[in-house]
Amino acid sequence: MAPQKRAVTAGVVILAVIVLALIPQFINRQSSEHLTAGFDSEFLVRPDGYPGLKEAYNFEFASEPRHMDPGLMYRAVDDGAVDVICGFATDGRIPAYNLAVLEDDKNFFPPYHAAPLVRSETLAEFPEIRSALNALAGLLPDSVMQRLNYQVDEKNRAASEVAREFLVSADLLGDKEVSPENPKGTVRIGGKNFTEQEILGEIMAMRIESTTDIEVSRKLNLGGTMICFNALEAGDLDLYAEYTGTGLVSILKEPVISDPDSAYAVVDSAFRNKYDLIWLEPFGFNNTYTLTMRKEQAEKLGIETVSDLAEYVKENNEEN
């Protein structure tokens, strides 16, 4: 064989050896890409959100999580725009999009049992509100709230229509009609700016309107937790639906309490003494935060728990 030909052949062989040697590294690099996250604005700053989660599980995403509207997160993770979102346990889009909820194996997230939070002055003036709203206690378990949320988010039905349908099915929609000439008074019901809060606001409003002589002024979709809480404390609202975990960690700045009954007892006592606000009986569901991924991707990467996710992210950060 001519020297030139032998040189070319040797070069091809060497190149082939190099390529074969690099293939495993290429495959590993492809299979261990950085995961991206998309979280809503509250989760990004709350102590029971990403800041506390990073500390509890000792990890941090390689790139800063994207700030996303709660209504867009599920579609974003489903489309692959992000890999991990801060889902909500009662959101109907989790099963609709075939998403996986990662187990919070260190019990970082506190229980978030929703209940009406009311000014004591309002209850003193309108004591019938207590019995009207306590009739809802326990009637909205996770599965029911998830179904109601799904009807609004994915079926594009009005929250008021879904709320009315629930009250009728539960035989809790009364037949009273407030006389516009002589109402007993007006209460202002607020709500945060996401679907579940709008549904709960409508349920409470319709329940009061249909069983008492009180008029209701709806001030729904106001904004985040502190907007609603500050408005309630200042007397600009009379009541809204709040979550025990949010009251405990975000408002009172207390440590997480995993037992739901204990968490409720703490916020009930503290809000009464500190703010003169009363927690009525919980609706029955626990809308805890979750870390949520595409089920197919989670299974492929062997991620079932938040600890699994943390370990994967840390290993990937080290490799890259």
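In what follows, every heavy atom counts, from backbone to side chain, and hydrogens, waters and symmetry copies are set aside.
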Hydrophobic cluster identity match, Leu117 and Met204, side-chain contacts under 4.5 Å:
no

Closest heavy-atom pair and its distance - Pro47, Val249
CG-CG1, 3.5 Å

Within the supplied structure, the quantity of interest is the number of heavy atoms (other residues, nucleotides, ligands) at a distance under 6.0 Å from Arg75 CZ; does it exceed 12?
no

Could you tell me whether a side-chain N or O of Asn317 sits under 3.5 Å from a main-chain N or O of Glu60, the two making a donor and an acceptor?
yes

Atom pair CE (Met145) and CG (Asn286), whose distance is rounded to the nearest 0.5 Å:
13.0 Å

What distance separates Ile303 CD1 from Gln297 CD, expressed to the nearest 0.5 Å?
7.0 Å

Pairing of Lys176 and Asp213 as salt bridge, 4.0 angstrom limit
yes

Might you confirm whether atom CD of Glu161 has over 12 heavy atoms from other residues, nucleotides or ligands at distances under 6.0 Å?
yes

Indicate whether the side chain of Arg46 and that of Ser250 have a donor and an acceptor atom separated by less than 3.5 Å.
yes

State, yes or no, whether a side-chain contact exists between Tyr240 and Leu232 at a heavy-atom distance under 4.5 Å.
yes

Same cluster or not: Leu200 versus Ile251, using hydrophobic residues (I, L, V, M, F, W, Y) connected whenever any side-chain heavy atoms lie under 4.5 Å apart?
no

I want to know whether Phe39 and Tyr50 have ring centres closer than 6.0 Å.
yes

Taking atom CG of Asp171 as the centre, does the number of heavy atoms from other residues, nucleotides or ligands within less than 6.0 Å exceed 12?
no

Would a 4.5 Å heavy-atom cut-off, applied to side chains only, mark Tyr150 and Arg157 as touching?
no

From Ile85 CD1 over to Leu99 CG, what is the distance, rounded to the nearest 0.5 angstrom?
6.0 Å

Do Val152 and Thr195 make a side-chain contact, defined as non-hydrogen atoms from C-beta onward lying under 4.5 Å apart?
yes

Expected output: side-chain Gln197 to main-chain Ala241 donor-acceptor under 3.5 Å
yes

Could you give me the CA-CA distance, side-chain angles and deciding distance for Val216 and Met206, then say whether side-chain contact (heavy atoms from CB on, under 4.5 Å) is met?
CA-CA 8 Å; Val216 174; Met206 291 181 188; over 6 Å; no

Please evaluate residues Asp276 and Arg272 with respect to the criterion salt bridge (Lys or Arg N to Asp or Glu O under 4.0 Å), reporting the C-alpha separation (whole Å), side-chain torsions for both, the decisive distance (0.1 Å), and the verdict.
CA-CA 4 Å; Asp276 207 21; Arg272 190 185 302 267; over 6 Å; no

Residue pair Thr90 / Asn287, side-chain donor-acceptor N/O under 3.5 Å:
yes

On a heavy-atom basis, which atom in Ile257 and which in Pro111 lie closest, and how many Å separate them?
O-CD, 2.9 Å

Just checking, is any N or O donor in the side chain of Thr292 or Thr290 under 3.5 Å from an acceptor N or O on the other one?
yes

Between Gly174 and Ser210, what is the shortest heavy-atom contact and its length?
N-OG, 2.9 Å

Exactly one candidate in Leu133, Leu136, Leu172 meets side-chain contact (heavy atoms from CB on, under 4.5 Å) with Ile203; the answer is Leu136

Start with the C-alpha distance between Phe229 and Leu277, add both sets of side-chain angles, then the distance that settles side-chain contact (heavy atoms from CB on, under 4.5 Å), and finish with yes or no.
CA-CA 10 Å; Phe229 175 75; Leu277 301 175; 3.6 Å; yes

Ring geometry between Phe283 and Phe285 (parallel below 30°, tilted from 30 to 60°, perpendicular above 60°):
parallel

Taking only Lys NZ, Arg NE, NH1 and NH2, and the carboxylate oxygens of Asp or Glu, determine whether Glu242 and Lys192 approach each other closer than 4.0 Å.
yes

Heavy-atom nearest pair, Ala37 first then Phe61, reads CB-CE1, 3.7 Å

Distance-only donor-acceptor check, side chains Arg207 and Thr212, under 3.5 Å
no

Look at the aromatic rings of Tyr289 and Phe109 and report parallel, tilted or perpendicular, splitting at 30° and 60°.
tilted

Quick one: do Phe166 and Leu140 satisfy side-chain contact (heavy atoms from CB on, under 4.5 Å)? Show the steps, please.
CA-CA 9 Å; Phe166 163 74; Leu140 287 157; 3.7 Å; yes

Asp308 side chain vs Glu304 backbone, donor-acceptor pair below 3.5 Å:
yes

Can you tell me which residue pairs pass the salt bridge (charged side-chain N to carboxylate O under 4.0 Å, His left out) test with a partner in residues 277-294, sequence neighbours excluded?
Asp83-Arg294

Are the charged groups of Arg218 and Glu202 less than 4.0 angstrom apart, N to O?
yes

What I'd like to find out is whether the side chain of Ile214 reaches to under 4.5 Å of the side chain of Glu209, using heavy atoms alone.
no

Tell me the closest heavy-atom pair linking Leu220 and Glu198, and the distance in Å.
CD1-O, 3.9 Å

Ring geometry between Phe194 and Tyr243 (parallel below 30°, tilted from 30 to 60°, perpendicular above 60°)
parallel

Would you confirm whether Asp69, through its side chain, and Gly71, through its main-chain N or O, come within 3.5 Å as a donor-acceptor pair?
yes

If we only count heavy atoms from C-beta on, is the Leu291 to Leu309 side-chain gap below 4.5 Å?
yes

Side chains of Ile129 and Leu123, heavy atoms from C-beta outward: is any pair under 4.5 Å?
yes

Whether the side chain of Asn230 engages the backbone of Met226 through a donor-acceptor N/O pair (distance < 3.5 Å, no angle test) should be reported.
yes

Any heavy-atom pair between the side chains of Asp40 and Cys86 that's under 4.5 Å?
yes

Can you tell if the side chain of Glu55 reaches within under 4.5 Å of the side chain of Asn58, non-hydrogen atoms only?
no

Supply the atom-to-atom distance Glu196 CD to Gln146 CD, rounded to the nearest 0.5 angstrom.
10.0 Å

Qualifying salt bridge (charged side-chain N to carboxylate O under 4.0 Å, His left out) pairs, either residue in residues 126-141, two or more places apart
Glu128-Lys184

In this structure, would Val256 and Leu53 fall into the same cluster of hydrophobic residues linked by side-chain contacts under 4.5 Å?
no

Testing the 3.5 Å rule here: is there a donor-acceptor pair between the side chains of Arg119 and Tyr275?
no

If you group Ile, Leu, Val, Met, Phe, Trp and Tyr by side-chain heavy-atom gaps below 4.5 Å, do Ile278 and Val267 land in one group?
no

Nearest 0.5 angstrom please: Glu254 CD to Asp48 CG, how far?
13.0 Å

Report the distance from atom CG of Leu237 to atom CZ of Arg188, rounding to the nearest 0.5 Å.
7.0 Å

Hey, do the aromatic rings of Tyr112 and Phe88 have their centres closer than 6.0 Å?
no

On a heavy-atom basis, which atom in Leu280 and which in Tyr264 lie closest, and how many Å separate them?
O-OH, 2.8 Å

Can you tell me which residue pairs pass the salt bridge (charged side-chain N to carboxylate O under 4.0 Å, His left out) test with a partner in residues 92-118, sequence neighbours excluded?
Asp91-Arg93, Arg93-Asp153

Grouping I, L, V, M, F, W and Y whenever their side-chain heavy atoms are under 4.5 Å apart, do Ile227 and Leu252 come out in a common cluster?
yes

Go through the steps for Val266 and Thr244 under the test side-chain contact (heavy atoms from CB on, under 4.5 Å), then give the verdict.
CA-CA 9 Å; Val266 169; Thr244 52; over 6 Å; no

